[in-house]
Chemist: 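The structure's right below; bear with me while I get my questions together.
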Amino acid sequence: MEQEILELRKKIEEKVKLIRKTEDLESFRLEYLVRKGAVQSFFDRMKEAPKERKAAIGKILNELRNYSENVYKELKERYEQGSQASPDIDLTLPGKRNFIGAAHPVNQIMQEMVDIFNSMGFSVAEGPDIEDGYHNFDALNFPPDHPARDMQDTFFIESKNNALLRTHSSPVQIRLMKAQKPPIRSIMPARVYRNEAISARSLAEFHQIEGLYINKGVTFAELKGTVIAFAKKMYGEQSKFRFRPSFFPFTEPSAEMDISCFLCGGRGCRICKHSGWLEVVGCGMVHPNVLKECDIDPEIYTGYAFGFGIERVALLKTGIDDIRLFYQNDVRVLEQF
Ligand code: DAH
């Protein structure tokens, strides 16, 4: 009898594979699951079973009943939901790939930079995109006739008195120094806006990360050490850097750091304007006038500041040679990162 049950199980398993539609399922039910069906008939015959085998036979019989009923239930539900498996469906066809979203490459780079500075003890601070002339220029020691204030460079918001779209991340420094007492050690990721002609190298809307460290006895050597340590983590130990003296109204002395151009390896190309170097960060010691404006005594405290352009860093990291590609929303480009 055991053998017979096992044979029936095999037969049922084969039958299940052939069920394609509701009618097949119904004949399956009539053949195996009803009171007079093949499975039940074994239960009726249990009294013939030898006493010492009863338990074992009962077990495989119960398993067979559960199996058949479960298959039936499952297929019934599936058909009721309308998904009849049709023999016309070719199950060997390759599936459709779902597109999985990802962070934009510029966001990825920004997060990577934030992570590195976090690991160096910098916290993250933010400020508003719509600024005023005081925070964007005056408090940063821009003289009243500075060309950056020009309509040519700045998007002013006409309907609002003195309101403008911040042209750099530096106004967040001012807000931070006014809100906190030193020591202050923060980075400030920001979207910034400039009335610029759009080209392979520049956009009218882009991103910067500002950095600020104010404490007693901070030196230019610390600034250099920090920026180089960051850049080595970001670009690899083998990258070459150089510092050039520069000018910013809010720092004294001021400098810019360049990295050897990734595209041409320093030979000169479109991206590095044929110089072999790419400027990645402006920096300097915070000007005493700026500290004073924020009620920080420059006789007691010194500090450094720096500002990275993110898109420039993203170009370096991704090897893309046209900054506009980041914002054309072409999935073929974005998908690669
Ligand atoms: N704000 C400058 C710019 O937009 C970048 C910059 C330069 C920021 C020097 C700084 C700095 O904090 O110290 O080009």
Side-chain angles (χ1 to χ4, degrees), residues 110 113-114 117 122-129 131 133-143 146-150 152-155 164-178 182 184-196 201-215 218-228 230-231 241 243-259 278-291 293-294 296 298 301-313 323:
M110 193 119 84
M113 294 175 75
V114 167
F117 278 115
F122 286 79
S123 62
V124 176
E126 281 178 26
D129 288 38
E131 267 295 1
Y134 174 75
H135 290 89
N136 199 78
F137 296 124
D138 303 289
L140 286 162
N141 199 36
F142 281 76
H146 194 281
R149 297 179 187 246
D150 198 325
Q152 305 296 311
D153 291 323
T154 305
F155 290 114
L164 48 83
L165 293 177
R166 62 182 169 196
T167 59
H168 53 171
S169 46
S170 303
V172 192
Q173 274 188 41
I174 301 296
R175 294 186 176 272
L176 203 59
M177 283 188 276
K178 283 179 180 275
I184 299 170
R185 181 153 54 186
S186 289
I187 50 160
M188 295 146 258
R191 179 177 294 169
V192 303
Y193 309 83
R194 276 184 211 170
N195 197 357
E196 282 204 62
R201 290 168 45 93
S202 48
L203 298 164
E205 187 184 323
F206 54 102
H207 299 80
Q208 292 185 332
I209 288 189
E210 188 83 8
L212 180 72
Y213 178 44
I214 308 281
N215 207 343
V218 179
T219 65
F220 194 88
E222 281 173 79
L223 164 59
K224 254 181 111 170
T226 305
V227 173
I228 289 179
F230 161 80
F241 308 101
F243 279 78
R244 283 178 293 108
S246 184
F247 174 79
F248 302 101
F250 37 91
T251 46
E252 180 58 37
S254 306
E256 277 169 90
M257 188 184 77
D258 300 338
I259 180 172
L278 279 160
E279 179 209 321
V280 287
V281 62
C283 56
M285 301 306 290
V286 179
H287 198 290
N289 289 352
V290 174
L291 293 174
E293 188 63 37
C294 300
I296 294 174
Y301 291 103
T302 52
Y304 62 71
F306 54 80
F308 283 91
I310 309 295
E311 276 76 1
R312 192 58 51 78
V313 181
I323 207 165

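In each ligand, atom 1 is the first atom listed, and ligand 1 is the first ligand listed.
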Chemist: With a 6.0 Å cut-off on ring centres, are Y193 and F206 close enough?
Modeler: no

Chemist: Going by the atom numbers of ligand 1, which of them fall below 4.0 Å from some non-hydrogen atom of G284?
Modeler: 13 (O)

Chemist: Give the contacting part of C283 toward ligand 1: side chain, backbone, both or neither, where contact means a heavy-atom distance below 4.0 Å.
Modeler: backbone

Chemist: Can F117 and F230 be said to form a ring-ring contact (aromatic ring centres under 6.0 Å, His included), step by step?
Modeler: CA-CA 7 Å; F117 278 115; F230 161 80; 4.5 Å; yes

Chemist: Could R312 and E279 be called an ion pair, given the rule that one side-chain N must be under 4.0 Å from one carboxylate O?
Modeler: no

Chemist: State the atoms of ligand 1, each with its element, that fall below the 4.0 Å cut-off from a heavy-atom position in Q173.
Modeler: 12 (O)

Chemist: Search all heavy atoms of H146 against all heavy atoms of P249 and return the closest pair with its distance.
Modeler: NE2-CG, 4.0 Å

Chemist: Mind checking whether T167 has an N or O less than 3.5 Å away from an N or O of ligand 1?
Modeler: no

Chemist: Would you mind finding which of E252, E256, M285, R194 brings a heavy atom closest to atom 4 (O) of ligand 1?
Modeler: R194

Chemist: Report yes or no: do S186 and S123 form a side-chain donor-acceptor pair below 3.5 Å?
Modeler: yes

Chemist: Suppose we call two aromatic rings close when their centres sit under 6.0 Å apart. Are H168 and F250 close by that rule?
Modeler: yes

Chemist: I need the atoms of ligand 1 closer than 4.0 Å to a non-hydrogen atom of S170, numbered in the order shown.
Modeler: 1 (N), 8 (C)

Chemist: Considering only NZ, NE, NH1 and NH2 on the basic side and carboxylate oxygens on the acidic side, decide whether R201 and E196 come within less than 4.0 Å.
Modeler: no

Chemist: Side chains of N215 and Y213: is there a donor and an acceptor less than 3.5 Å apart?
Modeler: yes

Chemist: For Q208, take its heavy atoms, then give the atoms of ligand 1 lying under 4.0 Å from any of them.
Modeler: 3 (C), 4 (O)

Chemist: Pull out every atom of ligand 1 sitting under 4.0 Å from any heavy atom of T251, numbered as shown with elements.
Modeler: 13 (O)

Chemist: Examine ligand 1 and decide if any of its atoms is less than 4.0 Å from a heavy atom belonging to Y304.
Modeler: no

Chemist: Just to confirm my output: which protein heavy-atom neighbour is closest to atom 11 (C) of ligand 1, and how far is it?
Modeler: F250 CE1, 3.4 Å

Chemist: To the nearest 0.1 Å, how far is atom 12 (O) of ligand 1 from its closest protein heavy atom, and which atom is that?
Modeler: E210 OE2, 2.6 Å

